[in-house]
Peer 1: 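Please read through the structure below; I'll follow up with questions.
Whatever order the structure lists them in is the order used to number ligands and atoms, beginning at 1. As the structure is a prediction and not an experimental result, all values here were calculated from the model.
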Amino acid sequence: MIISPKIRGFICTTAHPDGCAAHVQEQIDYVKSKPALANAPKRVLVVGSSTGYGLASRIVPAFGGGAATIGVFFEKEGSDGKTGSAGWYNSAAFEEAAAKSGLYAKSFNGDAFSKEVKQQVIDAIKADLGQVDMIVYSLASPRRTDPETGEVYKSVLKPTGETYTNKTLNTDKKQVDTVTIESANEDEIAQTVKVMGGEDWKLWIDALSAAGVLADGFKTVAYSYIGPELTWAIYTDGTIGRAKLHLEQTARELNAAYGADTAVVSVNKALVTQASSAIPVVPLYISILYKIMKAKGTHEGCIEQIQRLFADHYGAANGPVLDDKGRIRIDDWEMRPEVQEEVEKVWNVITTEQLDELSDFAGYQKEFLKLFGFGLAGVDYAAEAEPVRPVASIG
Ligand code: NAD
């Protein structure tokens, strides 16, 4: 079939298998262009490994450190006449490239919140690797079924104080609009914490520990975001920020249980991913940020960010450098005062008419399409493409 993008609001309902493969290869090539990782973990489990930060967290230790990887994700397989999801195609391409390089890779497509998937992963570790040295927790999900009660929790993206009004970007209409979002109630906050907080991260680590598949001195990292004050109402001080506070609390609990410096939260840069494009206000902030960081030569994508996480932090002789709250800060370049001062100036004046001049909306759109395998060099989008692509270890 001929596969082209079908955009509905902030998602694209189609994905191009060859484009996704080219996107994965681009990231592998970047990692291979860097020096091999020092102190690299050799057996890595990535929960949420098919797109965005999680995919980069699988590629970096594999192709930069020769690690065996197990990936967990929730994606849709393609069928005749219907494309699969980008994460499925990314994982198919990752496994193909790993096999070519002689790297062990196994993938699980299912609900990471469930006991069943945790058990399947434990069985695979026991059978193939014995133990894991590192667990990256990179889930972004709108809902979670509690594995004990079966209750379904839903996350919302809302402020927690006052009703919030700010500029936002209607990415479909290429229009700077104003958005007003009602504050969340206590139940919505609690549900968001259940989905995006640290409860499931701890369940993973406890289950792996009980099964005896954690190596001595293992490390685990989960991802968070802070950003500038102009996004705080919707992010850091909003429902998702509450969940991220819980994630940080969970890191402290894990360290108390498994040893200091075992668990850490890494605060990452704002980037176009399937998860972030759904957050109001953030796409406009990202479009402005990209223009400023590109001009300064400090722009990074997921792969550059995670390369820095492994090379500069986990690869450092004394381990990761932490901030005063015990977090890794690879958002450091984004948060530089000279970057944020410029963002604020632009934020205050930007309108639809100046979107192209004052922001990198073109770059945002390009990156968004790339997430689904569109706009990659060397891919013939006019040619017939086969939508059924196996992830080798799943079949
Ligand atoms: P993403 O949407 O690209 O990736 C989410 C991953 O989770 C995918 O692999 C998906 O398959 C998987 N997933 C979702 N639900 C699942 C389920 N029930 N079972 C198994 N797998 C499931 O998101 P992302 O932006 O890379 O976010 C990853 C983490 O990074 C999140 O914690 C997010 O808050 C954080 N983060 C993102 C940004 C950003 O700007 N994108 C910035 C800082 C931190």
Peer 1: Less than 4.5 Å apart, side chain to side chain, heavy atoms only: is that true for S91 and F73?
Peer 2: yes

Peer 1: Which class fits the ring pair F310 and Y314: parallel under 30°, tilted 30 to 60°, perpendicular over 60°?
Peer 2: tilted

Peer 1: Out of W201, Y225, Y137, Y223, whose heavy atom is nearest to atom 35 (C) of ligand 1?
Peer 2: Y223

Peer 1: Does F73 reach ligand 1 with a nitrogen or oxygen that is under 3.5 Å from one of the ligand's nitrogen or oxygen atoms?
Peer 2: no

Peer 1: List the closest protein heavy-atom neighbour of atom 29 (C) of ligand 1: residue, atom name, distance to the nearest 0.1 Å.
Peer 2: S138 OG, 3.6 Å

Peer 1: In Å and rounded to the nearest 0.5 Å, what is the CD1 to NE2 distance from I292 to H299?
Peer 2: 12.5 Å

Peer 1: Quick one: which ligand 1 atoms are inside 4.0 Å of a heavy atom on G110?
Peer 2: 19 (N), 20 (C)

Peer 1: For atom 3 (O) of ligand 1, what is the nearest protein heavy atom, given as residue, atom name and distance?
Peer 2: T51 OG1, 2.8 Å

Peer 1: For the atom pair CG (N268) and CD1 (I306), what is the distance rounded to the nearest 0.5 Å?
Peer 2: 5.0 Å

Peer 1: Hey, which atoms in ligand 1 end up nearer than 4.0 Å to a heavy atom of Y235?
Peer 2: 34 (O)

Peer 1: With rounding to the nearest 0.5 Å, note down the distance linking CG in D237 to CH2 in W232.
Peer 2: 7.0 Å

Peer 1: Output the distance between atom CD1 (I70) and atom CZ (F108), rounded to the nearest 0.5 Å.
Peer 2: 6.0 Å

Peer 1: So which heavy atom in the protein is nearest atom 44 (C) of ligand 1, and how far is it from that ligand atom?
Peer 2: S224 O, 3.1 Å

Peer 1: Regarding ligand 1, does L139 bring an N or O atom to under 3.5 Å of one of the ligand's N or O atoms?
Peer 2: yes

Peer 1: Give the atom numbers and elements of ligand 1 that come within less than 4.0 Å of a heavy atom of G52.
Peer 2: 3 (O), 26 (O)

Peer 1: Could you measure the distance from the OH atom of Y364 to the CG atom of L289? Nearest 0.5 Å is fine.
Peer 2: 12.5 Å

Peer 1: Need the ligand 1 atom indices (1-based, order shown) with element for anything under 4.0 Å from a heavy-atom of F113.
Peer 2: 18 (N)

Peer 1: Between D331, I330, T273, which one has a non-hydrogen atom sitting closest to atom 24 (P) of ligand 1?
Peer 2: T273

Peer 1: Where the closest heavy atom to atom 5 (C) of ligand 1 is concerned, which of S114, A140, S91 has it?
Peer 2: A140

Peer 1: Using 30° and 60° as the class boundaries, would you call the ring planes of H16 and F374 parallel, tilted or perpendicular?
Peer 2: perpendicular

Peer 1: Atoms of ligand 1 less than 4.0 Å from G48 heavy atoms?
Peer 2: 6 (C), 7 (O), 9 (O), 12 (C)

Peer 1: Non-hydrogen atoms of K269 versus ligand 1: any pair closer than 4.0 Å?
Peer 2: yes

Peer 1: Checking a contact table here: which protein heavy atom is nearest atom 34 (O) of ligand 1, and how many Å away?
Peer 2: K244 NZ, 2.8 Å

Peer 1: Do me a favour and list the nearest non-hydrogen protein atom to atom 40 (O) of ligand 1 with residue, atom name and distance?
Peer 2: L271 N, 2.8 Å

Peer 1: Enumerate the atoms of ligand 1 whose separation from the nearest heavy atom of S49 is less than 4.0 angstrom.
Peer 2: 9 (O)

Peer 1: Which is it for K158 and E182 under the salt bridge (Lys or Arg N to Asp or Glu O under 4.0 Å) test, yes or no, and what are the steps along the way?
Peer 2: CA-CA 7 Å; K158 288 188 177 184; E182 295 278 322; over 6 Å; no

Peer 1: Taking side chain to side chain contact (heavy atoms under 4.5 Å, CB included) as the criterion, tell me which of V391, I59, T51 meets it with N90.
Peer 2: T51

Peer 1: Please tell me whether Y235 and Y225 form a close aromatic pair, meaning their ring centres lie under 6.0 Å apart.
Peer 2: yes

Peer 1: So which protein heavy atom does atom 23 (O) of ligand 1 come closest to, and at what separation?
Peer 2: A275 CB, 3.4 Å

Peer 1: Is the Y223 to Y137 ring centre distance short of 6.0 Å?
Peer 2: no

Peer 1: Heavy atom under 4.0 Å from ligand 1: found in W88's side chain, backbone, both, or neither?
Peer 2: neither

Peer 1: Would you mind reporting whether E26 and H23 have side-chain heavy atoms less than 4.5 Å apart?
Peer 2: yes

Peer 1: Which heavy atom of the protein is the closest neighbour of atom 9 (O) of ligand 1, given with residue, atom name and distance?
Peer 2: S50 OG, 2.6 Å

Peer 1: Please indicate whether any nitrogen or oxygen in E75 is less than 3.5 Å from any nitrogen or oxygen in ligand 1.
Peer 2: yes

Peer 1: So how far is it from L203 CG to E148 CD, rounded to the nearest 0.5 Å?
Peer 2: 8.0 Å

Peer 1: Under 3.5 Å between any N/O of F74 and any N/O of ligand 1: does that happen in this structure?
Peer 2: yes

Peer 1: What protein heavy atom lies closest to atom 38 (C) of ligand 1? Include the residue and the distance to one decimal.
Peer 2: Y53 CE1, 3.5 Å

Peer 1: Where does N268 meet ligand 1, judged by heavy-atom distances below 4.0 Å: at the side chain, the backbone, both, or neither?
Peer 2: both

Peer 1: Below 4.0 Å, non-hydrogen atoms only: which portion of C302 touches ligand 1? Side chain, backbone, both or neither.
Peer 2: neither

Peer 1: Would E95 and K106 pass as an ion pair if we require N to O under 4.0 Å?
Peer 2: no

Peer 1: Looking at ligand 1, does A270 have a heavy atom less than 4.0 Å from it?
Peer 2: yes

